[in-house]
Amino acid sequence: MACKRGALIVLEGVDKAGKTTQCKRLVDALLAGGRPAEIMRFPDRTTTIGKMISAYLERKSDLEDHAVHLLFSANRWELVPLMKEKLEQGITLVVDRYAFSGVAFTSAKPGFCLDWCMKPDVGLPKPDLVMFLQLSPADAALRGQFGDERYETKVFQKAVQQKFEHLMMDRSVNWQVIDASQNIEDVHNNITTHSLNAINVAQNRPLGELWK
Ligand code: TMP
């Protein structure tokens, strides 16, 4: 019998919500429980496209807003063959940001609509579960200063949060909102419970296509 596929699990949220910490904790917990799992993150700054994105985020280069949106999407598409291969091998992928960040961040810029922003990512592997780590701007501020990269300002992050809220109304995606103001352990336990459910469901279902 062919091995059961892994689940595609995405963590999204505004800055300071703890996505990266929680992705690592989740992968460690899955591995400790004997479930193959790997972490991925977008943007993946190691590829040629990813290096262009990284230079843009670090303000070392300027790119036109539409162009950089398409680069973020291309950075996901270039990794699709690898993602599919791993999922087919039964490896669960825990992904730190995905197309939802792509749409939320670009559509928070003036002159962009959600619809245009979603188009390039239509057909990507569809996550079995997307967890949104919810944190109020006040709680985010308590966690320290924003960094120096592009987009790391209070005003922009607030606009991004509103765009995520629009995206979460889409019932075709399995969204779960996680209260990220809890302590790290409680957030982790909550995330693990949702993930184990998603892994069980995903193994008997084909991988879907996002926004199709
Ligand atoms: P990170 O590497 O710290 O997660 O930051 C990446 C930044 O890029 C973050 O501000 C969110 C933004 N972003 C986009 O604008 N579009 C995208 O498609 C993705 C994945 C991230």
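Just so you know, ligand 1 is whichever comes first in the structure, and atom 1 is the first atom listed for that ligand. Treat the numbers as computed from the prediction; the structure is a model and nothing was measured. In what follows, residues are counted from 1 in the order of the sequence shown.
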**Item:** Distance-only side-chain donor-acceptor flag, Gln161 / Gln134, under 3.5 Å
**Value:** yes
**Request:** Decide yes or no for Arg150 and Asp62: does some side-chain heavy atom of the first lie under 4.5 Å from some side-chain heavy atom of the second?
**Result:** yes
**Fill in**
Glu88 meets the salt bridge (Lys or Arg N to Asp or Glu O under 4.0 Å) criterion, sequence neighbours left out, with none
**Request:** Would you name the heavy atoms of Gln22 and Ile184 that are closest together and state the gap between them?
**Result:** NE2-O, 3.2 Å
**Item:** Heavy-atom pair of closest approach, residues Leu207 and Pro125
**Value:** CD2-CB, 3.9 Å
If you look at each N/O of ligand 1, which protein N/O atoms lie under 3.5 Å away, and at what distance?
{"unit_1": "ligand 1", "atom_1": "2 (O)", "unit_2": "Arg41", "atom_2": "NH2", "d": "3.4"}
{"unit_1": "ligand 1", "atom_1": "2 (O)", "unit_2": "Arg45", "atom_2": "NH2", "d": "3.0"}
{"unit_1": "ligand 1", "atom_1": "4 (O)", "unit_2": "Arg41", "atom_2": "NH2", "d": "3.3"}
{"unit_1": "ligand 1", "atom_1": "4 (O)", "unit_2": "Arg97", "atom_2": "NE", "d": "2.7"}
{"unit_1": "ligand 1", "atom_1": "18 (O)", "unit_2": "Arg76", "atom_2": "NH1", "d": "2.8"}
{"unit_1": "ligand 1", "atom_1": "18 (O)", "unit_2": "Arg76", "atom_2": "NH2", "d": "3.3"}
{"unit_1": "ligand 1", "atom_1": "18 (O)", "unit_2": "Gly102", "atom_2": "N", "d": "3.4"}

**Asked** So do the side chains of Trp175 and Phe100 get within less than 4.5 Å of each other, counting heavy atoms only?
**Response** yes
